[in-house]
Amino acid sequence: MAPVVRRARRARAEEQVRRYDCWVMTDAASPNPFAAFGARLDALHGAGAVPAPGVDGPSGPDEDEARLLEGLNGPQREAVVHTGGPVLVVAGAGSGKTRVLTRRIAHLISRCGVHPGSVLAITFTNKAAAEMRARVTALVGRRARAMWVSTFHSACVRILRAELGEAPEFGLRRNFSIYDDADARRLMALVLRDEDVDAKKFPPRSVLARVSNAKNELTGPAEALADAASGNDELHARAYAEYDRRLRAANAVDFDDLIMLTVRLLRTHPDVREKYRRRFRQVLVDEYQDTNHAQYMLIRELCSPLDPVPGAPAVPPPELMVVGDSDQSIYSFRGADVRNILDFEKDFPGARTILLEQNYRSTQTILSAANAVIGNNPDRPAKKLWSSVSGGERIIGYVSDTEHDEARWVADEIDRLHDEEGCKYSDTAVFYRTNAQSRPFEEVFIRLGLPYRVVGGVRFYERREVRDALSYLRAIANPVDDVSVRRILNVPKRGIGARAEAALEVFAADEGIAFTEAVDRVDEVPGMATRSTRQVRAFGELMRGLRGLVEQGAPADQVLAAVLKDSGLLDELKASKDPQDQTRVENLVELVAVAQEFVAQAHVVDLEADQVAVDDEELDARALEGDDSLGVFLERIALVADSDQIPDADPDSPGVVTLMTLHTAKGLEFDNVFLTGMEDGVFPHMRALASKDELAEERRLSYVGITRARRRLYVSRAAVRSAWGAPQYNPASRFLEEIPAELIDWQRTAVELDGWTLSAGARTGASRRAAGASGPRDDAPAFGSGRGHMPASGAGRDSRIVSLEAGDRVLHPSFGLGTVVATSGSGDNAKADVDFGSGGVKRLALRFAPLEKL
DNA sequence: CCTTCGTCTATTTTT
DNA sequence: TAGACGAAGG
C-alpha cells in the first residue's frame with residue numbers, strides 16, 4: 001500500500017473511530033427491536049413507507065387494477081389475481097415473491113372486496129411482517145392496518161391470549177410467560193436434577209431438543225411415553241411430562257407450545273375454530289419451506305372447510321396461498337419439513353402451482369454459480385433461475401493465510417468498493433457459517449475504522465444483566481413464574497443462598513404452592529436461618545411494591561426503571577470495579593430506552609386507533625393488550641428475532657457493513673456479498689460432513705448465501721484457522737469446487753508445499769512447488785500486494801505422534817484432513833483407523849505414517 | 001454465604 | 001478462547 005494511501009487511511013480511520021467507535025460498540029450490543037415496528041408507524045403516517053426499488057410507488061386507496069399489475073411478469077400476475085383455490089408459488093431466490101404477496105393482498109382488498117381484517121399473512125420474521133404491512137399500506141392506505149401480518153409465533157400468542165378463557169383445561173391464564181431457550185434449559189436442568197438424571201449423560205440441551213421435536217410433531221407427553229421403545233425414550237418422555245407440568249404450574253409456555261397449543265385449541269374447540277375460519281378469509285404464508293409439522297397443521301386447521309350451519313348460506317373455506325422455495329430450506333434442524341412444500345398439491349387438492357423463475361436481483365454470473373452448486377443436491381425438483389441481467393462481473397476468490405488475513409482482505413476490499421466504486425457500506429454484507437467467526441472481522445474493522453454492525457451472535461437479550469432485568473419484569477407480570485422468580489431471588493446479592501432457596505422450594509412443593517407464595521410465607525418455612533428469613537422477607541416486600549406499581553397502571557418503562565433502582569441491581573453494577581460491569585450498566589440504560597420507545601409507540605398507536613375507524617375485532621384485540629403495557633412489552637421482546645434488528649437502509653448515510661450468519665441472511669439482499677470461511681469443516685460444517693441430508697442442507701445454505709448478492713460476489717477461505725486454540729488446516733470447501741471455474745477470478749490461491757496446503761504468501765523459499773490439488777487452482781497471479789503476511793505457524797512437520805485417541809483430528813500429507821475413529825496396538829505397533837472423508841478410512845501405523853495431530 | 005481459583009468442555013444454524 | 005461448574009477457603 002502506498003504511503004500516501006496509508007496515511008489517508010489512517011486519518012480516515014481515526015475520524016471514523018471517533019465518529020463510530022462508540023456508536024458501533026453500543027449499537028452492536030443493543031439492537032433496537034422496535035425498528036421494525038417503527039417502519040409500520042411510518043407507513044401509518046404516510047411517511048417513509050418502504051417501497052422496493054422501483055416498485056410499489058405511493059398510491060391511494062382507489063388504486064386501479066392496471067396499476068397493481070404493472071411491472072409484473074406473467075406468472076407473477078397470475079399469482080396476484082388467482083382466486084378460487086389453494087395456490088403454491090414456487091419462488092426462486094430474488095424472483096419477486098414479496099412483491100407478489102403485497103400486490104396480491106392489495107389486489108384482494110381493493111379489487112375483490114376482501115375486508116383487510118380478514119387477511120392473515122404469516123412471515124418468517126417481524127421485520128418481514130413490518131415491511132409487508134408497510135408496502136400494502138402504501139398501496140391501499142391505512143385500512144390495511146386491520147390485517148393480521150405476523151410471524152407464526154406472534155399470531156399464536158394473539159390467538160391464545162384472546163381465547164384461553166374458552167379453554168380452562170389448558171391450565172394457562174392470559175398473562176402467561178413465554179420462555180425462551182435459556183429459560184427452558186434452566187427449567188429442564190431443574191427437572192433433570194430432581195429426577196436424578198445424570199446431567200453428563202443427558203444434557204438438558206439435548207433432552208430439550210427431543211421435547212422440542214415432539215412438540216413440533218404435536219406429540220404430547222402421554223403419547224411420547226406410550227410410544228417409548230426403550231428405557232432411553234421413557235426417560236425422555238418422563239422428563240417431557242415433568243417439564244410440561246412445571247411450565248403449566250409457572251403459567252408459562254415455550255416457543256413450541258405456542259404453535260402446538262394453538263393447534264390443540266382449534267382442534268378441541270370447534271367454536272373457536274369456526275370463528276377464525278370465518279374471520280380469516282385469505283391466508284398467505286411466506287417461507288413455506290421452513291414450516292414444521294405443527295405449523296403445517298395450524299395452517300390446515302385455519303384453512304379447512306367450515307362446518308355447515310343449518311339454514312345459513314354455506315361459507316366457502318378460506319383461501320390459501322403459500323410461497324416458498326425448497327432450495328432455500330435451511331431450518332430442518334429446527335423441525336422444518338420440506339415435505340410440506342413438496343406435498344402441497346397432495347395436501348390441498350385442486351391446488352394450482354405457479355413457478356417464478358425469473359430473477360430480478362442478481363447477475364447471470366451469480367445465478368450460474370448458484371444453479372451449479374444447488375444442482376449437486378439430489379432429489380430436487382428441477383428449476384433454473386435465470387436473470388435478465390446477462391453477464392456481470394466474475395466472482396472474486398481469495399485464499400488467505402489465516403482468518404485474520406482473510407478479514408483484512410475483506411476489509412480492504414470493502415474500503416476499495418467504497419472509495420473507488422462509490423458503494424455505500426450498507427450495500428455490503430459479510431456472511432459466515434457460525435457466529436464465532438465474526439470476531440476477526442470485528443477486530444480488523446474496528447482497527448480500520450470501518451463502520452459495521454453484527455447481527456445476532458451474543459444477543460442483547462441474552463446478556464446476563466438484561467435477562468436479570470427481564471426476569472424481574474416477568475416475575476412481576478406473572479408471579480407464579482418460578483423460573484424467573486428464582487433467577488432473581490439473589491440478584492443482586494442479598495444473602496439468600498442455595499440453602500434458603502432449597503428450603504423455600506421444599507416448602508412450596510409440600511404445600512403445593514408457587515415459589516412466590518413460599519416467599520411470602522417465609523415465616524412458616526422450616527429450616528430457615530433467621531438471617532435468611534429477613535432477607536427473603538425484604539425480597540417479598542420488594543416484589544409486592546413493584547407489583548403495586550403495575551396495578552396502579554404504570555407503563556413498562558416506569559416499571560423497569562423502578563426495578564433497576566429498587567432492587568439495587570443498578571447500584572451493585574455501578575459500584576463494581578469490574579470494567580465489564582460498566583458495559584452492563586450501559587446495556588441496562590439501553591434497555592430502559594427500548595422500553596421508553598415501546599411505550600411511546602404504543603401511545604401513538606392508541607392515538608391512531610382513536611382517529612381511524614377500526615373494525616370491531618381489531619378493537620377487541622386491542623382491548624386485550626391495551627391495559628397491559630408490561631405484558632405486551634415482554635411479549636414483543638420474547639418474540640424478536642435477530643433479523644428483526646437489521647436497520648433499514650437510510651439513503652443519505654454511508655451506512656454500515658452488515659456481518660451475519662448465513663441463516664440470518666435469508667430473505668435479504670446486498671450489492672456486494674462476501675462468503676467467508678469457505679472451508680470444508682467450517683462450511684460445510686464439520687458436523688454435517690457425515691450425513692447426506694445435512695450436507696444437502698449446507699448446500700442449500702450456500703445457495704441462499706450466493707443468491708443474496710446483486711452485483712458482486714466474493715468467496716474466501718483461510719489456509720490456517722485457529723479454532724479453540726489449535727490451528728486447523730481446512731481444505732477448500734467443496735462448494736467452491738462446485739462453482740464452475742471460469743466464473744471465479746482467483747486473486748490469490750493456495751500452493752501445495754510438501755503435501756501441506758498453504759496459501760501462496762506462506763511460501764518460504766526452498767521447498768516451493770507448483771499449485772497442487774487441494775486448493776482451487778487457476779490462472780491467478782501467485783501473490784500480490786506484499787502486505788507482509790506471516791503464516792500463523794511454520795509448515796514443518798516436526799512432531800512424531802505419541803498417542804492418538806478416537807476423535808482426534810489429524811493431518812496427512814496426501815490424504816489430507818482426517819478424524820481418528822479407532823486405535824489399536826501399542827508402542828511400535830500402534831495403529832489408528834482414520835477417516836479421511838472422501839478419501840475413505842485408512843489404517844495407519846503410527847510409527848511410519850507422517851501424521852500430524854491437530 | 002460468598003468469592004476465587006482451577007478444571008473442564010463445548011462451539012451450528014434460531015422462531 | 002471463554003464460559004460454566006465445582007471445590008475449597010475467607
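All values derive from a computational prediction rather than experimental measurement. Note on naming: letters A, B, ... go to the chains in the order of the sequence lines (proteins, then strands), and numbering restarts at 1 for each one.
- Aromatic ring centroids of A:Y296 and A:F152 lie 6.0 Å or more apart.
- Residue A:N435 places none of its side-chain N or O atoms closer than 4.0 Å to OP1 or OP2 of B:dT11.
- Between the C1' atom of B:dT12 and the CD atom of A:E697 lies a distance of 11 Å, rounded to the nearest Å.
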Check nucleotides 2-5 of chain B for protein N or O atoms closer than 3.5 Å to its own N or O atoms and list the pairs.
from	atom 1	to	atom 2	distance (Å)
B:dC2	OP1	A:N490	ND2	3.2
B:dC2	OP1	A:G495	N	3.1

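- A side-chain N or O of A:S212 and one of A:D256 form a donor-acceptor pair less than 3.5 Å apart.
- Counting any heavy atom pair closer than 4.0 Å across all strands shown, A:E694 reaches a base atom.
- Shown here are the salt bridge (charged side-chain N to carboxylate O under 4.0 Å, His left out) partners of A:R210, two or more places apart in sequence or in another chain: A:D233.
- Regarding contacts with the backbone of B:dT12, a side-chain N or O of A:R687 is found under 4.0 angstrom from either OP1 or OP2.
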Distances under 3.5 Å between nitrogen or oxygen atoms of protein and nucleotides 2-10 of chain C:
none

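- In this structure, the CD1 atom of A:I637 is 16 Å from the C1' atom of B:dT15, given to the nearest Å.
- Every residue two or more places apart in sequence or in another chain that forms a side chain to side chain contact (heavy atoms under 4.5 Å, CB included) with A:R687 is listed here: A:H685.
- Positionally, the nearest nucleotide of DNA chain B for A:S532 lies more toward the 5' end than for the other of A:R205 and A:S532.
- Atom CZ in A:R721 sits about 19 Å away from atom P in B:dT11, given to the nearest Å.
- The nucleotide whose nearest atom lies closest to any side-chain atom of A:Y331 is, among B:dC1, B:dT12, B:dT14, B:dT14.
- Taking 4.0 angstrom as the limit, A:S154 places none of its side-chain polar atoms (N or O) nearer than this to OP1 or OP2 of B:dT15.
- Applying the side chain to side chain contact (heavy atoms under 4.5 Å, CB included) test to A:D327 and every residue at least two apart in sequence or in another chain returns A:D325, A:I374, A:R380, A:K383, A:Y703.
- Residue A:T151 places its side chain closer to B:dT15 than to any other of B:dC1, B:dT12, B:dT15.
- Between B:dT12 and C:dC5, the two C1' atoms lie 23 Å apart (nearest whole Å).
- As a whole-Å value, the separation of A:I330 CD1 from B:dT12 P is 16 Å.
- Residue A:D181 has its side chain nearest to B:dT15 when only B:dT15, B:dC1, B:dT13 are considered.
- Under the rule for a side chain to side chain contact (heavy atoms under 4.5 Å, CB included), the partners of A:R205 that lie at least two apart in sequence or sit in another chain are A:R185.
- With sequence neighbours left out, A:I178 forms a side chain to side chain contact (heavy atoms under 4.5 Å, CB included) with A:V157, A:R161, A:F176, A:V253, A:F255, A:L258, A:E635, A:A638.
- Legend: residues meeting salt bridge (charged side-chain N to carboxylate O under 4.0 Å, His left out) with A:D181, ordered by chain and number and at least two apart, are absent.
- The residue A:R499 sits close only to the backbone: its heavy atoms come under 4.0 Å of sugar-phosphate atoms, none of a base.
- Distance A:L208 CG to B:dT14 P: 17 Å, rounded to the nearest Å.
- With hydrogens and angles ignored, no donor-acceptor pair under 3.5 angstrom links the side chain of A:H685 to the base of B:dT12.
- Screening residues 689-700 of chain A for side chain to side chain donor-acceptor pair (under 3.5 Å), with sequence neighbours left out, gives A:S332-A:E697, A:N377-A:R699, A:R433-A:E698, A:E697-A:R700, A:R699-A:E738.
- As rounded to whole Å, 13 Å separates atom C1' of B:dT14 from atom CG of A:L639.
- Taking the six-membered ring for Trp, A:F683 and A:F735 have ring centres closer than 6.0 Å.
- Between A:Y432 and A:H663, the ring center distance fails the sub-6.0 Å criterion.
- Here A:T664 reaches the OP1 or OP2 of B:dT14: one of its side-chain N or O atoms lies under 4.0 Å away.
- Rounded to whole angstrom, the span from the CD atom of A:Q295 across to the C1' atom of B:dT15 amounts to 8 Å.
- Within the 4.0 Å cut-off from OP1 or OP2 of B:dT15, not a single side-chain nitrogen or oxygen of A:N216 is found.
- A straight line from CZ of A:F333 to P of B:dT11 spans 14 Å, rounded to a whole angstrom.
- Residue A:T125 places none of its side-chain N or O atoms closer than 4.0 Å to OP1 or OP2 of B:dT15.
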